[in-house]
Number of protein chains: 2
Amino acid sequence: RMLFDARNAPYIRWGEDGHTVLIANPHGFATKIIPQYFKHSNLASFIRQLNVYGFHKTTQDPDICEFAHTNFKRDEPALMQNIRRK
Amino acid sequence: RMLFDARNAPYIRWGEDGHTVLIANPHGFATKIIPQYFKHSNLASFIRQLNVYGFHKTTQDPDICEFAHTNFKRDEPALMQNIRRK
DNA sequence: GGGAATATTCCC
DNA sequence: GGGAATATTCCC
């Protein structure tokens with residue numbers, strides 16, 4: 001839902017190819033967007049959940065906050081059903 | 001902390017003898033007080049935590065929402081250290 | 001009232 | 001990035 005709401009795009013959006021999640025403004029994302037969907041405003045807790053559900057960081061570059069999951073693609077939403085808690 | 005803040009007394013306070021926790025106004029307590037201390041506003045979730053920490057309802061009367069714990073007494077705060085998660 | 005799933009936090 | 005403790009939810 002976050003990714004399909006265009007108002008969130010400055011903070012979190014699909015990567016170029018629709019195969020990744022790009023947190024473009026981590027600080028703004030944490031303070032403004034996370035609490036609209038979760039009961040906290042901590043980036044670390046959000047990323048902990050990404051990892052629990054099998055997402056992984058796409059690069060080791062600490063300045064780029066981007067995650068991917070085999071079954072999470074913008075144009076194949078049906079795949080999302082296969083995403084499971086570890 | 002809730003019980004020692006006099007502003008909360010209309011909603012939650014010590015029982016007469018200081019040996020029980022009285023939720024005097026459950027609905028108001030849930031909506032106004034719980035979210036000041038926790039990340040939710042559900043009475044059931046608050047009571048779930050009371051039970052996890054060993055508190056028990058003092059009466060089966062559903063109109064009286066009062067809980068007790070051997071180590072939770074107003075005038076013996078040092079006892080609280082013995083309260084443990086089950 | 002409590003077991004269990006999931007969320008959030010804490011810590012390594 | 002993930003194990004584990006605790007919080008919150010869900011369900012019986």
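In what follows, chains carry the letters A, B, and so on, assigned in the order in which the sequence lines appear, proteins first and then strands, with residues in each chain numbered from 1.
- The NZ atom of Lys86(A) sits 14 Å away from the P atom of dA7(C) (whole-angstrom rounding).
- Summarising the geometry, the separation between CG on Leu43(B) and C1' on dT8(D) is reported as 14 Å, rounded to the nearest angstrom.
- For Arg85(B), the side chain to side chain contact (heavy atoms under 4.5 Å, CB included) criterion is met by Gln49(B), Val52(B), Tyr53(B), not counting sequence neighbours.
- Remark: C1' of dT8(D) and CZ of Phe38(A) are 14 Å apart, rounded to the nearest angstrom.
- Contacts with DNA chain D (heavy atom under 4.0 Å) in residues 51-63 of chain B: Tyr53(B), listed by number.
- Arg85(B) has its CZ atom 12 Å from the C1' atom of dG2(C), to the nearest Å.
- Each side-chain hydrogen bond (donor to acceptor under 3.5 Å, both in side chains) pair with one or both residues in residues 24-42 of chain A, not counting sequence neighbours, appears once here: Asn8(A)-Tyr37(A), Tyr11(A)-Lys32(A).
- In this structure, the side chain to side chain contact (heavy atoms under 4.5 Å, CB included) partners of Asn71(B), at least two apart in sequence or on a different chain, are His69(B), Leu79(B), Asn82(B), Ile83(B).
- Listed by first and then second residue, the salt bridge (charged side-chain N to carboxylate O under 4.0 Å, His left out) pairs that reach into residues 5-16 of chain B are Asp5(B)-Arg7(B), sequence neighbours excluded.
- Residue pairs meeting the salt bridge (charged side-chain N to carboxylate O under 4.0 Å, His left out) criterion with at least one member in residues 44-62 of chain B, sequence neighbours excluded, do not occur.
- With sequence neighbours excluded, the residues satisfying side chain to side chain contact (heavy atoms under 4.5 Å, CB included) with His56(B) are Ala68(B).
- Residue Phe38(B) comes nearest to Met2(B) through the heavy atom pair CE1-CE, 3.8 Å, listed as atom of the first residue, atom of the second, then distance.
- Residues passing the side chain to side chain donor-acceptor pair (under 3.5 Å) test with Thr58(A), sequence neighbours excluded: Glu66(A).
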Contacts under 3.5 Å, N or O only, protein and nucleotides 9-12 of chain C:
{"unit_1": "dT9(C)", "atom_1": "OP1", "unit_2": "Asn42(A)", "atom_2": "ND2", "d": "3.2"}
{"unit_1": "dT9(C)", "atom_1": "OP1", "unit_2": "Lys39(B)", "atom_2": "NZ", "d": "3.0"}
{"unit_1": "dT9(C)", "atom_1": "OP2", "unit_2": "Asn42(A)", "atom_2": "ND2", "d": "2.5"}
{"unit_1": "dT9(C)", "atom_1": "OP2", "unit_2": "Ser45(A)", "atom_2": "OG", "d": "2.7"}

